[in-house]
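Worth knowing before you read on, the calculation uses all heavy atoms, side chains too, and leaves out hydrogens, waters and symmetry mates.
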Amino acid sequence: MGICGTSEEDGEPKEETVETIMNKNRRCTDILFLLIFFAFMVGLFAAGIYGFANGDPRILIYGTDYQGDLCDSGHLDGLKTRYWVNPYEIMSSIPSATKSNRYNFRDVKSICLDACPITATEKDSVHWVCNYPDSRDGYGYSAWTTDTWRANKYDYFSLLNETLQKTSLQYKGPCYPVLLPTVNNYQSCTYFGTVSNTSEAAFTKLAQEKLGADAASSRPESYPLSSVVGTLSSTVSDFLSAPLAIMERYVDDFAQGWAVCLVMGFFIPVALSFMWLFILRYFTGIFAYLIVLAVNVGAILCTIFLYMKAGIIGSDAIDAAIGSDAESVVGGTYSGSYTDPSKDNEDVLKYCAIIATIFTVLFLFFSLLMLRRIAIAVAVIKVATQAIAGAPSVVFFPVVPVLASLGFGAYWVAAAVYLFSSGNIEMQKCDLVADFPPYKYCIEPSVNSTLNCHCGYKAEMDEPLQYMLLYHLFGLLWTTQFLQAMTYLVLASVFATYYFRGGTYGSDLSGWINTPVIQSMRKMSWYHSGSAALGSLMVAILQFIRIIVAYMVNKMKAMEKDNVVLKYAACCVQYCLWYLQKVIEWLNRNAYILIAIEGRSFCFSAFEAIALIFNNILTVGAVNVVGDTLLFLGKLSISLLSGFLAFLMLDRPEYTTGDNKVSSPLFIVLFVVVFAFVIAGLFMSVVEMAIDTVLLSFCKDCKLHSGKPKFAPPLLEAVLGKAGEEGKARTKARAERAADKAFKAQEAANNA
């Protein structure tokens, strides 16, 4: 019995050479799963092509007008802002117990404009917003072009015949009075403030002149507009804050903040990862302490910034207003009648800030408790850095999967945006009933849909498109896991070669063409891509199930908000799935190491890895727990710092004002944090795999040679030998104490 434990069936020492250990059983493994992966990728790119051919991301932010046309597209190019022309119709869309017909906010008539209209300031003057000159229902003004209509601020009321002027005064169109000010929120006009006295007086006077005895019909409802401004604002805000609307804006935020995603989600994590690897190589002793410090500082900075953007600290909270009138609306003169649709984002940021505070406090206590154990891991990391120093090119290898991940990630995000926006714009179903909108506000009322009297429009996702989006999501999970699996295989092959050559890579692995990394890339790609596909498929399936379960749980919670049993069961299910995923990931990583060493199939290698680890649990366990924890903290520090820098970049004027304003920094920052964590993981996997591969190679070496390693480098044998001897000493001491206790008990029994 040597340093490592060995089972009885190991028998006599087996004389093995480097070549017989690493190449004797190597063959192409798990080919079926590689073919399945290739077929899946063909389908994934086909779905992307469908999205690019049929999608239009503008529908996610601009919406449609009363004709079902998309703002800022086709003949509406440049007309980005959506304006609901009839405030009385908005009030009629509010759900109530007495409401009997199918009619909602999407049925309210809207039109696409250059900017939100303003109320008149001249005496005896009213500003109007009229239908497009070429309106398809025939109620436009064909003598004008669209450019003329835009130049005249959408107003041709004075050019209409007497009949159409009367219908316009009754809010039936084709022109509608602008009596209330509006502000641009997410390219949609939200009412605020008070009714313009000048415009209202001019409108009332005009109604009396044109309508005579029917002048009262110029107010379709019994209440004055001035009494419902707050309700109008909150109704529009609620529509803009609906879950689907928020998701659409979040998806569109990627189009606005792509530079942040690129810089903070790729270049910064790569630079920080190289910095950490440099520190690890030359300052191993302080590496662990720097990680703990960096994570604590990053957590504190992110927490403070979340409180600032949530409006709890300072006055830098997010808002939805766009344009020069924003300051007078948000927190200004008219704030009492204005509902900001970004308030829901503030609430989300408040919850995130609270969660971040809890995490920061807990992690600070954890860091203080862990300081005494860091020294153990430092010794093992020094051994791993010897393997890395022997093949310097391995430090740069993660750039390859990072670039592959970046390219695929860019394609996936673009395809997801286009797929999400490729639904058909269709007229929704509502009831056309007399005395109810939209029938009530039609020039030509009809119980059947006509060009002039009809329901509103919305983008519909048919069932095949929904399944296509799920397929696309699974493609992201499987592909990222596959790239990670290939990274593990290549690194494991490099460090296994280092170990079984006695702490060197040999003279035949040298130069820029025949480096250990290139040799391992060729070998692993040719022989074991199928095993990578199988292992990554297992993790991707679990991740996908977790996402589906989380979605179903949220739906069930929405129906039974106070069901404590449901919440507890959901929490248990989600935790079990998470734990199972971590077990599978741990199993995969060790299976990849054995595949790199012996070249056998995934399943065989997985069982072999489990047996080796459990036979040498004392040797492997103490090192892996602390070492993996420190490397995880390194990844976490990089992702948190990248997220904080993304916050700062999104706080610049180009992302907080104007047409390119980001609705909320949260979604982009989360993307940056996750992607930075993935990139940092690829770099940290160099050290992680160096530790794990050398340890597992050490255990395999022990098994092949009856507990005495043949190929172990001297420093590794000294470090693990000390750990093994300490473990044996503790085991022996426990056995002696147990034997002594049993002897005393037996002696007491005999005396009795």
Side-chain angles (χ1 to χ4, degrees), residues 56-73 76 79-96 99-113 116 129 131-132 135-137 171-173 176 182 184-191 228 231-252 320 339 341 344 420-433 436-442 446-462 465-466 663:
D56 189 342
R58 287 173 294 188
I59 197 173
L60 301 178
I61 194 67
Y62 296 131
T64 57
D65 65 4
Y66 68 95
Q67 299 183 130
D69 295 331
L70 180 63
C71 295
D72 195 37
S73 66
L76 301 177
L79 300 175
K80 299 180 179 181
T81 307
R82 191 180 186 188
Y83 174 65
W84 287 272
V85 295
N86 189 344
Y88 288 107
E89 197 175 1
I90 294 177
M91 292 298 298
S92 300
S93 70
I94 300 174
S96 66
K99 183 178 173 183
S100 58
N101 65 320
R102 289 180 298 173
Y103 179 77
N104 58 42
F105 192 88
R106 291 185 182 274
D107 296 311
V108 177
K109 184 174 181 178
S110 63
I111 193 169
C112 302
L113 308 175
C116 294
V129 171
N131 288 354
Y132 305 123
S135 185
R136 287 196 285 270
D137 62 0
Y171 284 89
K172 296 182 179 180
Y176 300 85
T182 53
N184 190 334
N185 286 337
Y186 306 133
Q187 302 299 345
S188 299
C189 297
T190 301
Y191 292 97
V228 295
T231 305
L232 287 170
S233 179
S234 62
T235 302
V236 177
S237 177
D238 289 344
F239 174 75
L240 298 177
S241 302
L244 180 59
I246 292 174
M247 179 55 65
E248 289 174 347
R249 288 199 297 274
Y250 279 173
V251 173
D252 182 75
T339 301
D344 286 348
F420 197 80
S421 62
S422 60
N424 298 319
I425 297 177
E426 299 177 356
M427 185 183 295
Q428 64 178 15
K429 295 179 180 179
C430 69
D431 296 328
L432 294 167
V433 182
F436 288 95
Y439 181 102
K440 181 178 180 178
Y441 296 106
C442 297
S446 173
V447 294
N448 298 311
S449 292
T450 65
L451 289 175
N452 178 255
C453 199
H454 56 76
C455 305
Y457 295 86
K458 66 177 179 179
E460 288 283 1
M461 285 189 187
D462 55 18
L465 180 57
Q466 294 175 19
S663 65

Sidechain-backbone polar pair: H454 side chain, P438 backbone, donor-acceptor under 3.5 Å:
no
- Mark yes or no for whether S135, through its side chain, and Y132, through its backbone, hold a donor-acceptor pair below 3.5 Å. no
Check: Do Y176 and Y88 have ring centres separated by under 6.0 Å?
Finding: no
In this structure, is the centre-to-centre distance between the rings of F105 and W84 below 6.0 Å?
yes
Check: Are N184 and K80 close enough, and set up right, to give a side chain to side chain donor-acceptor pair (under 3.5 Å), and what steps lead you there?
Finding: CA-CA 11 Å; N184 190 334; K80 299 180 179 181; over 6 Å; no
Hey, could you give me the [atom1]/[atom2] distance between [X] and [Y], rounded to the nearest 0.5 Å?
X    : Y    : atom1 : atom2 : value
Y457 : Q428 : OH    : CD    : 10.5 Å
D69  : I111 : CG    : CD1   : 11.0 Å
D137 : Q67  : CG    : CD    : 7.0 Å
D107 : S93  : CG    : OG    : 8.5 Å
T64  : M427 : OG1   : CE    : 10.5 Å
C116 : Y83  : SG    : OH    : 8.5 Å

The single option from N86, N131, D65 that satisfies side chain to side chain donor-acceptor pair (under 3.5 Å) with K109 is N131
- Message: Go through it in stages, so that I can follow the logic: the residues are C112 and D72, the test is side chain to side chain contact (heavy atoms under 4.5 Å, CB included), and I'd like the CA-CA distance, side-chain angles, deciding distance and then a yes or no.
- Response: CA-CA 8 Å; C112 302; D72 195 37; over 6 Å; no
Less than 4.5 Å apart, side chain to side chain, heavy atoms only: is that true for L465 and S422?
yes
